[in-house]
Amino acid sequence: MNKALFIISLQHQLAMAIGNKLELKAMLKAFLKVCFNRLSLTSAHIYLYNDEHGEPCKIVPDVYHSTQHLISIPKFKRSKPWQSNSILKQFVAQLHACQASTSFQCENKQYLFGFIIPEHGLLIIETHYFIEEEVQKALEPILQKLATSCYSSLIHGSLVKEMQSKQLIEQKIAYQAQHDALTGLYNRHHLNALLSDTIKEAYQNNYVGSIIFIDLNRFKPINDAMGHSVGDKILLNFANRLNTLRNNHIDIARFGGDEFILLVKRLNTNHELTVKDIINKINYLMNTPFIVNNNTFNLSCSIGYVFFPLQSSTANNLIKFADIAMYEAKRTKTDQGICYQPIMSEKIKKRLAYSDDIKQGLAHDDFKLFYQPQYNQTGDIIGAEALLRWQHPIHGMESPSVYIPIAEESDLILDIGQWVLEKACHDIKKIEQLNLPDSFRKISINISAKQLIQHNFQDKVKQAIAQSDICTNRLALELTESLLVENLETSITLITALKKDGIDCSIDDFGTGYSSLTYLKQIPAGILKIDRSFVTNIDQSKETAAIASMIINLGKTFNMEVIAEGVETAEELNCLKHLGCQHFQGYYFNEPMPFDSFFSLLLN
Amino acid sequence: MNTELFTWHTQSKALCDFNQGLNLALDSGSKSLLILTCYDNNYPQAQLSKELSNCPAVIFGGIYPMLILQDTLIKTGALIIGFAEKFDVTVFSQLHEITKTSDLEDLVTSTLTKQNNFYGQDSFLMFYDALLNNIERFIDTLFECLDHNITIAGGGAGNLEFTQQPCIFSNQGIHTNTVLLVTLPTKISTGVAHGWRIFQGPLLVSDAEQQTLKSLNYQPALDVYRQAIESYSDSIFNDDNFFDIAKHFPLGIEDINNKLIVRDPILAQQNSIQCAGEVPINSLVYLLESDAETLISSAEQAAIAIFSSSQQINSASMIFDCISRVLYLGDNFDKELNIIAKHCNTEALFGVLSLGEIANSPSGSIQLLNKSTVISSW
């Protein structure tokens, strides 16, 4: 009677121990611990069937499933994990193969009993006594219940996994919504939200904050020349450096491209000084060169800043103002940072209005091409430089030094450049129809940096030539020395390609700086133009003459034609001739003239 | 193993006398000291803690209701046993704060790994605060994390007033809610006995929560227990005498091999019975009784079993004898000590009267026992 009661009590206890936990391993462990105490076990082990990914599973009929050790109590036998015990391994293999409860007496008189957890795995228990048959039988319904609980735990586990992965995705999305993918800094969207909150907080708590706008100087040429992967590494490196400034009062965001913003909260009373201190720290961070793929890049940045709520209390305006101030800092080439002033916005407005004028000028055909002839030593016209002139409806004849920099800030320079290209080709066509002397060679036009880096610039040149149906060798492109140096790789590729098509290039303003010799031999340009600064008063300055002489000799060495521009007097001309210069351009011969005048000059 | 032991004891309650003993122990060159003191000494805690912290030798032990040296029961005073070897002592402290089993597992695993006594060690002594609320979960976890086939003996420290006070000694001072695990350098063997027999049962534990027995046979546990005792004996329960009667009639949980694990009913609360150890729900329990002769005889059997079977020459024997046996046996307890001492073949025999005993079950797992005698020898 007591035996029957004991078995019923045992069954109850074991059944009650099933399903108390949701997680599979925890559930099985809780069950195993009760087994351990109630059955006076020496050790207990659970092995589960696995799917092809090694995860516990409910077995599928006619598919082989391997078993994998899940739990042993205790964990070790003679300092080694139980799962490496050879007797246990053999017993598990035997149990797995026969798929029926089995037992085995070990050499040390201990017993191993193996039971099947239907469709899920194996239970192995070690005892110091033989478990009676009726007790073994009594375990069968318990193991069936355990199997059901295993299945529930597996389902629960997969649901938990699904929820966790969903949660992870949600977290990732939330992170991505707020952070820049490359640098991990806050993105523009989140910065706006943070700034709006901070402005409110500043109002409520009566403190001053600041937006510090940072833009890397001359980053674009690196991106263009070295590729975006290098550019990205520099940006990431810079972002990491900036991140060292982050604290409870400073948030950092990548605003876009090479633009970064620091949102500074709770500035003390001397807020100007604090911001200056931060700017010094930013500059200090820039001092260390950026090394990417064994290349060293020395970079600087332009910084503009604005205070809130003193100068504005809307997020959009603050960022715009800081950007304008940064732009001013870039224009004035200072690394000290510039605080926004309303006058800067006025200037911008004026520039915008001026840009509109340029657009109108292009639309109304107010731009003209003037031509300044070029001569050889015997006084024959060998060509001309096409020069842009703009008859402003209010200001009259506008100087290129005023409108070209403004046009260069926007894409207007591309429209102007395209107009010049097409107009020059059109004029060349007219000239070609004249009975030109053999000495006449080509018309040159000036090219801007933005034109040069256009990926389809070569096509555009060829298209203009084809449209006007002129000989390719009648057109030459003038690129300033500084433009070439800043875009060396692009320039070399382009000039080489154009040369193949018969279009020559000249290096304008040569000698005005940069390490001329280092790159000169790499550039396949056909013409060197001596800058006017080495021509003016050349007859009166030995130093100027020496430089001009050197340039002329360089040209000869690299088999380039040399032309001196800005020749204004006979003395200058004679001196240049004496130094071996072959071609000339300047007021001594002609001022730039409208096409009709130039046409007449050629005609005569 | 030939180990010369330093043995010193006093029946004085004065801390200065204890300090003298401690100095003698240190002078003896002992590298490890088992320090046992009686609760009734009421040593100033701060001073004692300072003495222990300053001690250069490895310290382990605790404050127990009474102590044993050879065949003598020490009700006040202290006992110091000095060992020539440096024992490895692992301290598990603040255990009451750990409520999750997984956290307990992490703690035990990381502590054992850190102490580097995880592998290859198989003989342990355990001293613990008897009022630690999760001691059974701890020993389950300890067994799970220690190696298969370990042998352990231990006993709960504290006082008969069941008020929790610092009672475990280590080189960091005196602790509450702490377990000390002492790794012995030689193989320990143990003998366990209780001497209680069934007089009524089985009763189904229809509701229980850890140490609280709420219902038996679907009736309030206290009612069932009281009626059974009152109808079997002349005892009549009133509001104040629960433990006076219950100490004669413990509960027994029968395992699959008909071995009884004794659970001491120590407190009646509403209609529940508070035991000095967990009683699993759905288990079968019996009401037990005994007499002085049987209890003493069982202790003798344990002593014979351990001292006659030991294959090695041991130097020390330690008894963890339940305090309730003294309360039950009264003056007859001396007989129990005499009979154990008579069979003892080691240089030193010492021990404690404990509040709960720790030993291996026949299967090898670690068990919390009540009303039992655990004799260990190494």
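Below, all heavy atoms of this structure are taken into account, side chains as well, without hydrogens, waters or symmetry copies. Every chain is numbered from 1, with letters handed out A, B, ... down the list of sequences.
- For the atom pair OH of Y129(A) and NZ of K259(B), the computed distance is 11.5 Å after rounding to the nearest 0.5 Å.
- Between chain A and the options N149(B), N257(B), N258(B), L204(B), heavy-atom pairs under 4.5 Å are most frequent for N257(B).
- Counting non-hydrogen atoms of other residues, nucleotides and ligands closer than 6.0 Å to OH of Y151(A) gives a total of 12 or fewer.
- Remark: Q13(A) CD to I281(B) CD1 distance equals 9.0 Å, nearest 0.5 Å.
- For the pair H128(A) and P362(B), the tightest heavy-atom approach, listed with the atom from each and the gap, is NE2-CB, 3.5 Å.
- Only the side chain of E126(A) comes within less than 4.5 Å of a heavy atom in chain B; its backbone stays farther off.
- Taken to the nearest 0.5 Å, the CZ atom of F76(A) stands 8.0 Å off from the SG atom of C145(B).
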Do E254(B) and L5(A) pass the side chain to side chain contact (heavy atoms under 4.5 Å, CB included) test, and can you show the C-alpha distance, the side-chain angles, and the key distance before you say yes or no?
CA-CA 12 Å; E254(B) 193 180 41; L5(A) 268 177; over 6 Å; no
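- Counting heavy atoms of neighbouring residues, nucleotides and ligands inside a 6.0 Å radius, atom NE2 of H12(A) does not exceed 12 of them.
- Around CD of Q99(A), the count of heavy atoms belonging to other residues, nucleotides or ligands within 6.0 Å exceeds 12.
- Using a 4.5 Å cut-off between heavy atoms, I150(B) does not touch chain A at all.
- Taken from OG in S361(B) to CG in L41(A), the straight-line distance is 9.5 Å, to the nearest 0.5 Å.
- Proximity to chain B is absent for every atom of V34(A), based on heavy atoms less than 4.5 angstrom apart.
- Around CD of E209(B), the count of heavy atoms belonging to other residues, nucleotides or ligands within 6.0 Å does not exceed 12.
- Proximity to chain B involves both the backbone and the side chain of S40(A), based on heavy atoms less than 4.5 angstrom apart.
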Test side chain to side chain contact (heavy atoms under 4.5 Å, CB included) on E105(B) and K29(A); report intermediate values, then the result.
CA-CA 12 Å; E105(B) 273 177 36; K29(A) 194 165 183 179; 2.5 Å; yes
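- One finds the NZ atom of K21(A) at 5.0 Å from the OG1 atom of T101(B) (value rounded to the nearest 0.5 Å).
- Side chains of N282(B) and S9(A): a donor-acceptor N/O pair is absent below 3.5 angstrom, by distance only.
- Interatomic distance, CZ of F6(A) versus CD1 of I256(B), reported as 4.5 Å (0.5 Å rounding).
- No side-chain heavy atom of N37(A) sits under 4.5 Å from any side-chain heavy atom of E136(B).
- Of the possible donor and acceptor atoms, none in the side chain of T42(A) sits under 3.5 Å from a partner among the backbone N and O of G364(B).
- Side chains of D140(B) and I73(A) form no contact here, defined as non-hydrogen atoms less than 4.5 Å apart.
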